[in-house]
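Working notes for the structure below.
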Amino acid sequence: MPDFPAPLPPHVPVLIVGGGFAGLTAALCLQQQGLDYLLLERHPSTSILPKARSLDVRSLEIFRELGLAEALRDAGRPLAPAWGILRGASLAEALATQPPANPARLTSPGQQAAFQALAAQSPETTIRCTQDLAEPVLRQAAEARGGDLRFGYELVRFAQDASGVAATVRHRATGAEHQLTADYLLAADGANSPVRRALSVPTTGRGSLGHYLNVYFTADLAELVRGREFSMFLLREPDVTCFLLTINNADRWALHLRYYPELGQTPADFPEPVLLTLLRRVLGTPPEQPLRILSVLPWEMTVRSVEQEQVGRVFLAGDAAHTMTPYAGKGAAAGVQDVHNLAWKLAAVLRHQASPVLLATYQAERQPIGQFYADLSGDMADADGLIDPTKMQAHGPQLLGLPDYTYRSTAILAAGGGPTTPASALPLAGQPGTRLPHLWLDEAHQVSTLDWCRGQWLLVASGEAGPWLATAAAATLPPLVHELPSTARPAWQQLTGTQPGEALLVRPDGFVAARLGAGDVAGVPGLLRAALGW
Ligand SMILES: Cc1cc2nc3c(=O)[nH]c(=O)nc-3n(C[C@H](O)[C@H](O)[C@H](O)COP(=O)(O)OP(=O)(O)OC[C@H]3O[C@@H](n4cnc5c(N)ncnc54)[C@H](O)[C@@H]3O)c2cc1C
């Protein structure tokens, strides 16, 4: 049996399975925590397909924290803005009926005003950056920061007991197998998650909304489209049901063509000549229009989520835990948020700074949110699995992706208890379980309160930090104490409804663990211990 190109470690604290958005972000978050990991991805590279086209506000906040928001923005810059859904007998016909230079087709003026009010609650925005452009940015950063990422390696099988996880890993090019152990396994292995299946974790939800062929192709339609840029074109005719996604609104496109296994159809029924004829039919372009198919990938649109995201030492994240239609733009975003929630907890438990019960808060906090996004995405699909534009309008503000949900778990010290709720807690005002409010700290609007979040516990004083410093330092995991510039304090106190003697205790993922009154100064170490599950 040939050797591995580079030896694998015999033991790692965290084994990440999957090198998509969730796995790569997990790598970066664990690195931020200073924790060693091994990431396995069975493919030789990151996604060669555009798939996800946009990242929401919360994802960008997380990538800002990881120092990658600008790099992702840059990577997506060549992609033109794309708003609006077109329908018609062909794309050419639909475009012909569009008035030119109408970039705001998606939203009404009322909605645009609502978006602006929401946007003021974050230092970040949504961005357009397709998956084939974004994932290499994450991979390169993780590798440059010293991570152990192995592309072309797959998890073959695993077993766990109370002391750890034993894994068999295969190098796909050589077939060589290797045994290793890990303290924890993070399954970011996608919609068909072999790890989830091996654990027999059931899923619930609306289920299958149809089978599609993702046909990624080039066609220079820049002249046809200019001034009428759009996001999606829907076609539902007796001979073809599909949606066309714009990639750069010039020469790259992704056609998602519905096919019907229940009628005996398979991807083999769509060889290239058939697909080229269908593409011309959908586009409504003349036969001489050059078209080139880059790749074809069958996929099933499903809305499913697990009710159990932790099984012993194994955690499910991203599509492994919840699958969605693409219409809410939340698939990648939910996975990014999952692993950001989990990484600091794994680090704290592995360093014996937190009780292992802290890990159970991952499920308590993230499962309801993953399920909510999955169901939301399903609600936006009609009976044929195509997007319902009126539902998209109705859900508009939610699609922005402000983290407006409220976590409830033992890691949130809130009166009242109850489960994590996706119900909007906007405006974010420092309520326990919500993301730290954003306030610009400089006139140039470059530095936000969120920029204090760097994977560590924080104590944000509403007035002078002095009284909190000694007591924070006495904690086993001392929070960094921040005070606002005096000019920003009135705005902060108004935003959070706090008094000068009060403070917010903020977790490493930027969520408020507790609101502290002046009488809590001496109790900070105890409160922190409680949030850490001791
Ligand atoms: C058409 C389309 C448009 C979309 N648009 C958006 C959007 O605009 N915004 C958004 O947020 N989301 C969008 N999504 C959803 C998004 O693409 C997915 O939710 C996201 O990519 C899931 O990331 P993941 O890391 O959880 O899983 P994946 O990206 O599927 O990664 C899982 C990885 O695990 C690997 N793997 C599996 N088993 C093993 C094993 N045993 N060993 C090693 N590796 C293994 C796989 O090879 C795969 O690379 C869209 C999806 C589609 C199809």
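Below, all heavy atoms of this structure are taken into account, side chains as well, without hydrogens, waters or symmetry copies. Counting starts at 1 for both ligands and their atoms, in listed order.
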| task | With sequence neighbours excluded, tell me which residues meet salt bridge (charged side-chain N to carboxylate O under 4.0 Å, His left out) with Asp251. | result | none
Give every pair formed by an N or O atom of ligand 1 and a protein N or O atom closer than 3.5 Å, one pair per line with both atom names and the distance to 0.1 Å, or write none.
unit_1	atom_1	unit_2	atom_2	d
ligand 1	8 (O)	Arg53	N	3.2
ligand 1	8 (O)	Ser54	N	3.3
ligand 1	8 (O)	Ser54	OG	3.3
ligand 1	9 (N)	Ser54	O	3.0
ligand 1	9 (N)	Gly329	O	3.3
ligand 1	11 (O)	Gly329	O	3.1
ligand 1	11 (O)	Gly331	N	3.4
ligand 1	11 (O)	Ala332	N	2.9
ligand 1	11 (O)	Ala333	N	3.1
ligand 1	12 (N)	Gly331	N	3.4
ligand 1	12 (N)	Ala332	N	3.1
ligand 1	17 (O)	Gln131	OE1	2.9
ligand 1	19 (O)	Asp319	OD1	2.7
ligand 1	19 (O)	Asp319	OD2	3.3
ligand 1	19 (O)	Ala332	N	3.3
ligand 1	21 (O)	Gln131	NE2	2.9
ligand 1	25 (O)	Phe21	N	3.2
ligand 1	25 (O)	Ala22	N	2.9
ligand 1	26 (O)	Asp319	N	2.8
ligand 1	41 (N)	Leu155	O	3.1
ligand 1	42 (N)	Leu155	N	3.0
ligand 1	44 (N)	Arg42	N	3.1
ligand 1	47 (O)	Glu41	OE2	2.7
ligand 1	47 (O)	His43	ND1	3.1
ligand 1	49 (O)	Glu41	OE1	2.7
ligand 1	49 (O)	Glu41	OE2	3.1

| field | Qualifying residue, where the test is ring-ring contact (aromatic ring centres under 6.0 Å, His included) with His256 and the options are Tyr216, Phe217, Trp299 | value | Trp299
| message | Between Arg435 and Glu61 (salt bridge meaning N to carboxylate O under 4.0 Å), is one present in this structure? | response | yes
| query | Looking at residues at least two apart in the chain, or sitting in another chain, which of them share a salt bridge (charged side-chain N to carboxylate O under 4.0 Å, His left out) with Glu307? | reply | none
| query | For residues Tyr37 and Gln31, is any side-chain donor paired with an opposing acceptor at under 3.5 Å? | reply | yes
| field | Partner residues of Arg53 under the salt bridge (charged side-chain N to carboxylate O under 4.0 Å, His left out) criterion, sequence neighbours left out | value | none
